[in-house]
Structures are given as C-alpha cells and as structure tokens.
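Taking it in order: structure first as structure tokens, then the write-up.
Quick note: residue numbers are just sequence positions, from 1. Quick note: numbers below take in every heavy atom, side chains included, and nothing from hydrogens, waters or symmetry partners.
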Amino acid sequence: MTRPLLKVRGLKTYFFMDEGVVKAVDGVSFDLRKGEILGLVGESGCGKTVTALSILRLIPSPPGKIVTGRIIFRGEDLLKKSEEGMRRLRGSEISMIFQDPHTALDPVFTVGDQIAEPIELHQVIEEHLISPEDVPKKVVEMLKLVGMPDPEVRVVEYPHQFSGGMKQRSMIAMMLSCNPSLLIADEPTTALDVTIQAQILELMRELRRRLNTSILIITHNLGVIAQMCDRVAVMYAGNIVEEADLLALFESPKHPYTQALLKAIPKADVKRGELVTIPGTVPSLVNPPPGCRFHPRCPYAMDICKKENPNTIEVEKEHLVRCHLFGEGVGK
C-alpha cells in the first residue's frame, strides 16, 4: 500500500464563543495518498471547511483553536511546525482553492500580479528556482495550463473583467504555480453554472493526471464526488462517520447517514413526487446530542446510540464506519 502523503489523526478544532464551545471538528481521522483524490462530503455546517483550514493552520485565533490531534504531511507533524515553517509550506507544498472565486481575488491588483506573488515568494526568493525576469513568462504558462483564453491579454486585467469560470481558473493557476503536492479544493464549483462546473472538474482531473497532485475536494454535491474521487469520507457534525472507496460507498453504503444522503439524490428515472429528505437538521455543535450525533435523525437508533459515541470500525477492507450497528470496533 502506498504510504499516505497526509495523515490526520484525532483532530479537534474548537471555537470558544460567548455562547459556549463550538466543537466544529471533534476527532477527525483520515489518510490521503499521493496522486489520489479524496472527497470530504456532508451537509453544510458539518466541519468540512474547518478541517481544511486546520490542515493549513489558518484557523482564526481567537476564537478558534486546534485543541489536539496530529496532521502528518510528508512525515512531519504540521501542528509542531513554527509559523514561519507553515508560511513556507503554504502555496509551495500545500495550496487551497477557496470557496468563492469572486471574493478570493483582490480587486485592486491584476490577476497576473496575484498569480506572480507565490511564484516570487517561493520559487524566486526562497528556493531560487527561477529568476525574477522569468516570472511573467511563468504566469502566462500557468494561465495556459488551466485553459485561460488569451492568457497574454488576461494577465494584465483585473478580477472584475473576468467571468466566474475565468476567476476560478485563475485561482487554480495561482494555487498550482509552485507545483504543490497537495491541493485542497473547498467547494470549487459552487458559484459556477453547470457548463463551467464541468469544465473546472475536467481541468482538475487533467491536472491530477499530468502533475500527480493529490487533491482533497470538499463539497456537499454527491454528483461532484461521483465524477472526481477515488475515495470518499462522509462527515457529520464534526465527525467522519464513513470512509470508503468510491464504488464501495455508492454501491454498499453502511452508515445510516450515508444511506440517507444517497437516497436524497434526485433521479431522472423516478416518477414525479416528493423528494426524499433527511428528517431534522444538523445539531448544534455547542450542545451536540449525547452518544452518536446522528441518532436523533436515525431510523435505526438504539439505546446505546443515545449514550455512547461509537468507535470507527473496519467493516470491509479499507471501508471504515462509525456506527453501533457494527459492534464495538476499535478507534482509528
């Protein structure tokens, strides 16, 4: 088995607010291998984005704090690195495409200048890989790589002159400019229409093929997961409740929450009628329910579910489930 590029173990990230402690990420563990695309999926408010920001140590403090856990990247625990060490890592080894391309780009700088910034910082100043004179050429090359039309013209234009799809391509160009080993994509297609969404997803798949970049894609869209991912981790209320190979998860989901998510997908071959929904809402992460956090919405809830939070169990090879329906198990 390939050694994981990224190992997250027992990650807990809390926000200490006036109304109480928000346990946004509460014991998350998963692996991401080299060249793999892992999907992190779940309803809004489940802790997906906070998990990604924790990996990069971008949690605003206060009120946020990574309470405990390990984030092992290339054999090093990122939680033990200095802030200077993390600054050198961000953009060069680990990059993140943020959720909204319309707000991620600075409106007062040209797109070319913004793509050039990480190149100048990491490849010119820190690593001396290219000369300052070569930076403009590298920026144009990156825009060509992501399929930007007329890159020589676009490089001197401002974000307001770009469409949503062009802004997202620019963000991807910026994040890939230093050839990172890991790309985190947080809802990369949310603000885009369906046609542009398909183009961006195909672009990311092609970049994975060409550069062997590992990708952690965060979304609530199971259609995106089905198109993009090798493996999937399903998140609910701060916990990962199921993790499996893509085919195994879609063909044989084990956790009641995963089963409910898949049933809620609209299907073209089904006659008109009410859409399937999951009753209830994601619980408050200030005062989550005792035991399994999904039990108030679960049709299979037992007495033990209301008292004890289940451990993660390997029910099949590399198919992990956090549910009392599968016995005691052992913590991952």
Is there a chain of hydrophobic side chains (I, L, V, M, F, W, Y, each step under 4.5 Å between heavy atoms) that links [X] to [Y]?
X	Y	result
F326	Y300	yes
L121	L183	no
L56	L89	yes
I130	M175	yes
M148	L145	yes

In Å, rounded to the nearest 0.5 Å, how long is the span from [atom1] of [X] to [atom2] of [Y]?
X	Y	atom1	atom2	value
I55	L216	CD1	CG	5.5 Å
L129	I119	CG	CD1	11.5 Å
L143	I115	CG	CD1	4.0 Å
D106	D113	CG	CG	10.5 Å
L11	S54	CG	OG	5.0 Å
L40	C46	CG	SG	9.0 Å

May I ask you to check whether Q123 and K138 show a side-chain donor-acceptor distance below 3.5 Å?
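Yes, a side-chain donor-acceptor pair sits under 3.5 Å.
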Scan side-chain atoms only and decide if S131 and E133 contain a donor-acceptor pair under the 3.5 Å cut-off.
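Per modelled atom types, S131 and E133 side chains form a pair under 3.5 Å.
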Go through it in stages, so that I can follow the logic: the residues are L222 and L261, the test is side-chain contact (heavy atoms from CB on, under 4.5 Å), and I'd like the CA-CA distance, side-chain angles, deciding distance and then a yes or no.
CA-CA 8 Å; L222 285 165; L261 283 179; 4.0 Å; yes
Any chance you could lay out the salt bridge (Lys or Arg N to Asp or Glu O under 4.0 Å) test for E83 and R88, step after step, and finish with the verdict?
CA-CA 9 Å; E83 180 54 37; R88 288 176 177 271; over 6 Å; no
Please tell me if the side chains of [X] and [Y] come closer than 4.5 Å, counting only heavy atoms from C-beta onward.
X	Y	answer
Q114	L105	yes
L325	M302	yes
H319	V321	yes
V234	H255	no
V111	P159	yes
F16	V22	no
D245	L249	no
V50	F15	yes

Any salt bridge between [X] and [Y], counting N to O under 4.0 Å?
X	Y	value
R231	E318	no
E43	R297	yes
R9	D31	yes
E242	R322	no
K144	E141	no

Which heavy atom in [X] sits nearest to a heavy atom in [Y], and how many Å separate them?
X	Y	result
H220	G42	CB-O, 3.4 Å
M204	A185	CE-CB, 3.6 Å
F30	E243	CB-OE1, 3.8 Å
G238	V28	O-CG2, 3.5 Å
N212	G35	OD1-CA, 3.3 Å
R57	L78	NH1-O, 2.7 Å

Quick one: does any side-chain atom of S252 pair with a main-chain N or O of A248 as donor and acceptor, under 3.5 Å?
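Flag not set: sc S252 to bb A248 has no pair under 3.5 Å.
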Within the side chain of N221, is there an N or O that forms a donor-acceptor pair under 3.5 Å with the backbone of V224?
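It does hold such a pair.
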Can you label the angle between the Y158 ring and the H160 ring as parallel, tilted or perpendicular, going by 30° and 60°?
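Y158 and H160: parallel rings.
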Verify side-chain contact (heavy atoms from CB on, under 4.5 Å) between K48 and T219, making sure each step is shown before the conclusion.
CA-CA 8 Å; K48 304 184 299 297; T219 182; over 6 Å; no
Which donor-acceptor pairs under 3.5 Å do side chains of residues 281-295 form with protein atoms, sequence neighbours excluded?
| unit_1 | atom_1 | unit_2 | atom_2 | d |
| --- | --- | --- | --- | --- |
| S284 | OG | V286 | N | 3.1 |
| S284 | OG | N287 | N | 3.4 |
| R293 | NH1 | A237 | O | 2.6 |
| R293 | NH2 | D26 | OD2 | 2.5 |
| H295 | ND1 | P290 | O | 3.3 |
| H295 | ND1 | C292 | O | 2.8 |

Kindly determine whether C229 and I217 satisfy side-chain contact (heavy atoms from CB on, under 4.5 Å), including the steps that lead there.
CA-CA 8 Å; C229 298; I217 185 165; 3.5 Å; yes
Partner of D230 under salt bridge (Lys or Arg N to Asp or Glu O under 4.0 Å), chosen from K34, R33, R205, R208
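When K34, R33, R205, R208 are each tested with D230, the salt bridge (Lys or Arg N to Asp or Glu O under 4.0 Å) holds only for R208.
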Is the number of heavy atoms from other residues, nucleotides or ligands under 6.0 Å of E117 CD greater than 12?
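No, not enclosed.
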F109 atom CZ: more than 12 heavy-atom contacts under 6.0 Å:
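Incorrect, the count does not exceed 12.
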Single hit among L182, T213, I94 for side chain to side chain contact (heavy atoms under 4.5 Å, CB included) with L5
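Between L5 and the candidates, side chain to side chain contact (heavy atoms under 4.5 Å, CB included) is satisfied uniquely by L182.
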Check residues 58-76 and write down every donor-acceptor pair under 3.5 Å in which the side-chain atom is one partner and the other belongs to a residue at least two apart or another chain.
| unit_1 | atom_1 | unit_2 | atom_2 | d |
| --- | --- | --- | --- | --- |
| S61 | OG | G64 | O | 3.3 |
| R74 | NE | E93 | OE1 | 3.2 |
| R74 | NH2 | S181 | OG | 2.3 |
| E76 | OE2 | K81 | NZ | 3.4 |

Taking it one step at a time, do L53 and M96 satisfy side-chain contact (heavy atoms from CB on, under 4.5 Å)?
CA-CA 9 Å; L53 294 175; M96 183 168 177; 4.0 Å; yes
